[in-house]
Amino acid sequence: MPIRDATPDYAIGPLLQRAHRHAADAFNSALTALDIQGRHFGVLMTLQRLGPMNQTRLVEHLGADKSAMVRMIDDLESRGFVKRCDDPADRRAVAVTLTESGTKAFKHAETIAKAAADDLLEGFDAAERAQFKRLLGKFVNVAPSDVAPLPGRGQQ
């Protein structure tokens, strides 16, 4: 069912929920060949971009639930995509790092992600795509060139 232009401003929550479901379904479907989901991709992408980090930092960067993060890392570790090791910065913590297999899986998933994004945004021209990304980043308080929340919701 199409969304009408007369959708009230206070309906932003339901609209974002529908947008999320639409994008998540498409993305998860595209990643089926790799036996991962979008949530796994987020972990792989964060580790690829920022390097090894402990689970607490992953939770902060991805805005994930702590117990969900443990399950995601368990899933990725069972596939050989990540490994846990001692965190050199905090001997009480465990760092998560990409394996060689995880790096290869990420590169394949990244190609899939780009194609899925192209499909999702096929009705947008280049300027609209850039604006859409910028506005979404602004809405969730993320720098346009980043995917991780800024400390203090943008206040340094």
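With rounding to the nearest 0.5 Å, the separation of CG in L50 from CZ in R57 is 6.5 Å. Atom-to-atom distance recorded for F139:CZ and R134:CZ is 14.0 Å, nearest 0.5 angstrom. The distance from atom CE of M45 to atom CZ of R49, rounded to the nearest 0.5 Å, is 6.5 Å.
At a threshold of 4.5 Å between non-hydrogen side-chain atoms, the residues E77 and T99 do not count as touching.
When the side-chain contact (heavy atoms from CB on, under 4.5 Å) test is applied to A11, the partners found at least two apart in sequence or on another chain are T7, P8. Remark: K104 engages E100 in a salt bridge (Lys or Arg N to Asp or Glu O under 4.0 Å) (not counting sequence neighbours). In this structure R92 satisfies the salt bridge (Lys or Arg N to Asp or Glu O under 4.0 Å) test together with D90, sequence neighbours excluded. D25 is linked by a salt bridge (Lys or Arg N to Asp or Glu O under 4.0 Å) to R21, counting only residues two or more places apart in sequence or in another chain.
Contact detail for P52 and T97: the closest heavy-atom pair is CG-OG1, 3.4 Å.
Note: the hydrophobic cluster containing V140 also contains I12 (ILVMFWY, side chain heavy atoms under 4.5 Å, direct or indirect links).
Identified under the ring pair (Phe, Tyr, Trp, His ring centres under 6.0 Å) test for residues 79-120, with sequence neighbours left out: F41-F106. Applying the ring pair (Phe, Tyr, Trp, His ring centres under 6.0 Å) test to residues at least two apart or on different chains, the pairs with a partner in residues 110-131 are F124-F132. Judged as a salt bridge (Lys or Arg N to Asp or Glu O under 4.0 Å), the pairs with a partner in residues 65-74 (not counting sequence neighbours) are, in order, D74-R84. Within the structure, side-chain hydrogen bond (donor to acceptor under 3.5 Å, both in side chains) pairs that include any residue of residues 118-127 comprise D118-R129 (at least two apart or interchain).
Just one of T46, N54, I73 meets the side chain to side chain contact (heavy atoms under 4.5 Å, CB included) condition when paired with V96; it is I73.
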Below 3.5 Å, can you tabulate the donor-acceptor pairs from side chains in residues 28-38 to any protein atom, sequence neighbours excluded?
from	atom 1	to	atom 2	distance (Å)
N28	OD1	G38	N	2.6
N28	ND2	A24	O	3.2
T32	OG1	N28	O	3.1
T32	OG1	S29	O	3.0
D35	OD2	R79	NE	3.4
D35	OD2	R79	NH2	3.4
Q37	OE1	R39	NE	2.8

